[in-house]
Amino acid sequence: AGLGNVAYREPPAVLNQGPALKQLLELARDGDDEVAYMAAVAMSNLALMPKDRLGLIKGGGAIFVLFDLTMHPIIDVRETAAKTLARLSMDPNSQVQLVANSAHVVIKEMFKQSNRAIDTTAIIGIVNLASVPGATVADVVIDTLMKLSTDDDEALCTLICEAMLNLSILTCSRASIVDVGAMTVLANLLSHEPVSVETHACVAQILCNLSTMRVNQGDMMREGVVRMVAELVEAEPPAVVLQYCAEAMAYHACNHGRHEEMVSQGAVPAMVQISDVKDISLVTKMSISCALAHLTSTFDCC
């Protein structure tokens, strides 16, 4: 049986009581592959119910059995266990306990399986846990996103965009993803034809978020942030994309050490092109003015 053939029904409350959960764990440890699969499905169903999730994480070692099942020899068992872990990671009330139990380390190992379904599920898990200090494994996540972003599958690109956006928002990961390949992921997303408006908007917002941290700016400049901004502007995107692009350039222009690189890579023509667009927002106009003013200055922003 495959995962898609298993119908979901709300599990009775008794499943989350001690004796029943203990029996479920014993089934999951059974050497029979079919038994292990059905036990994995049962835990997956429990993970759908908010009231049952903490019971899985804290109840008699269930979470550690689930970790073992993510490495089971049978692919259906592994994929079901991975999906369950992703479901658990979506619950804010479970995230700290998951990290305390080293779920992020398990997810790191899941990436090594080179299985598309598990990779995409693992991305959901690691991004959900990224808000917990110490949980982000930036090099592993970005390396996997780099590999997956070469595929032009629209649904996959959307997932990657969402993952990158979350990582760029969280301060605990924003400063650690650029030097391990974040710009390559964004470049890959922009390389597909056609690029959706949603992808343009997401990439522009990510560039803006990453540009806020000076520690990122040197690597971003070397890896083509100005070229990406120019490419986004050339696509004649919605006004919100132009605003993100203008703000990103303003953040870089605040750093006097980046001025020469910005000018040589064509930042000024890109900003002039933005300013020529009708109906741009006041924030966009102010960002362009700020960036151009700083490019003519010898001082950093305060």
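Positions are given from 1, in the same order as the sequence printed here. What you see is a predicted model; the values in this text were computed from it and never measured.
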Gap separating the [atom1] atom of [X] from the [atom2] atom of [Y], nearest 0.5 angstrom:
X: Ser211; Y: Arg174; atom1: OG; atom2: CZ; answer: 10.5 Å
X: Leu129; Y: Gln95; atom1: CG; atom2: CD; answer: 6.0 Å
X: Met249; Y: Cys254; atom1: CE; atom2: SG; answer: 11.5 Å
X: Glu162; Y: Leu167; atom1: CD; atom2: CG; answer: 12.0 Å
X: Ser102; Y: Phe64; atom1: OG; atom2: CZ; answer: 7.0 Å
X: Leu48; Y: Thr84; atom1: CG; atom2: OG1; answer: 8.0 Å

| Stepwise side-chain hydrogen bond (donor to acceptor under 3.5 Å, both in side chains) check, Glu247 with Ser287 | CA-CA 5 Å; Glu247 289 183 86; Ser287 297; 5.0 Å; no

| task | Begin with the C-alpha distance, continue with both residues' side-chain angles, and end with the deciding distance and a verdict on side-chain contact (heavy atoms from CB on, under 4.5 Å) for Tyr37 and Ile74. | result | CA-CA 8 Å; Tyr37 173 65; Ile74 303 301; over 6 Å; no

If hydrophobic clusters are built by linking Ile, Leu, Val, Met, Phe, Trp and Tyr wherever their side-chain heavy atoms come under 4.5 Å apart, do [X] and [Y] end up in the same one?
X: Leu156; Y: Leu186; answer: yes
X: Leu207; Y: Val283; answer: no
X: Val268; Y: Val229; answer: yes

Shortest non-hydrogen contact from [X] to [Y]?
X: Ile142; Y: Val180; answer: CG2-O, 3.3 Å
X: Val241; Y: Ala204; answer: CG1-CB, 3.8 Å
X: Val226; Y: Gly266; answer: CG1-C, 3.8 Å
X: Asn101; Y: Phe67; answer: O-CE1, 3.2 Å
X: Glu79; Y: Ala117; answer: OE2-CB, 3.6 Å
X: Cys245; Y: Ile274; answer: CB-CD1, 4.1 Å

| Lys147 with Asp119: basic N within carboxylate O range, under 4.0 Å |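 No, this pair does not count.
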
| query | Is a salt bridge present between Arg227 and Glu231, judged by a nitrogen-to-oxygen distance below 4.0 Å? | reply |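 Salt bridge between Arg227 and Glu231, a charged N being under 4.0 Å from a carboxylate O: yes.
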
Would you say the side chain of [Y] lies within less than 4.5 Å of the side chain of [X], judging by non-hydrogen atoms?
X: Met228; Y: Glu223; value: no
X: Thr121; Y: Ile118; value: no
X: Arg78; Y: Thr70; value: no
X: Val203; Y: Leu190; value: yes
X: Pro238; Y: Val197; value: yes
X: Tyr251; Y: Arg214; value: no
X: Glu198; Y: Cys161; value: no
X: Leu148; Y: Ile123; value: yes

| said: Running the 4.5 Å side-chain criterion over Ile, Leu, Val, Met, Phe, Trp and Tyr, what cluster does Met213 land in, apart from itself? | reply: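 Under the 4.5 Å side-chain rule, Met213 groups with Val215.
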
More than 12 heavy atoms of other residues, nucleotides or ligands under 6.0 Å from [atom1] of [X]: yes or no?
X: Glu154; atom1: CD; result: no
X: Met286; atom1: CE; result: no
X: Asp276; atom1: CG; result: yes

| Hey, does the side chain of His200 reach the backbone of Leu232 with a donor-acceptor pair shorter than 3.5 angstrom? |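 No.
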
| Ser173 versus Ser176, side-chain donor and acceptor atoms under 3.5 Å |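 No, no side-chain donor-acceptor contact under 3.5 Å.
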
| field | Counterpart residues, side-chain hydrogen bond (donor to acceptor under 3.5 Å, both in side chains), relative to Asn209 (two or more places apart) | value |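 Testing Asn209 for side-chain hydrogen bond (donor to acceptor under 3.5 Å, both in side chains), a comparison that skips the adjacent residues, returns Ser168.
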
| task | Assess whether side-chain contact (heavy atoms from CB on, under 4.5 Å) is satisfied between His259 and His252, documenting all intermediate values. | result | CA-CA 8 Å; His259 287 183; His252 285 275; over 6 Å; no

| task | Start with the C-alpha distance between Ile160 and Thr120, add both sets of side-chain angles, then the distance that settles side-chain contact (heavy atoms from CB on, under 4.5 Å), and finish with yes or no. | result | CA-CA 9 Å; Ile160 293 169; Thr120 52; over 6 Å; no

| field | salt bridge (Lys or Arg N to Asp or Glu O under 4.0 Å) evaluation trace for Arg222 with Asp219 | value | CA-CA 5 Å; Arg222 284 187 290 275; Asp219 285 333; 2.7 Å; yes

| message | side-chain contact (heavy atoms from CB on, under 4.5 Å) for Phe111 and Val141? Distances and angles first, verdict last. | response | CA-CA 8 Å; Phe111 281 126; Val141 177; 4.2 Å; yes

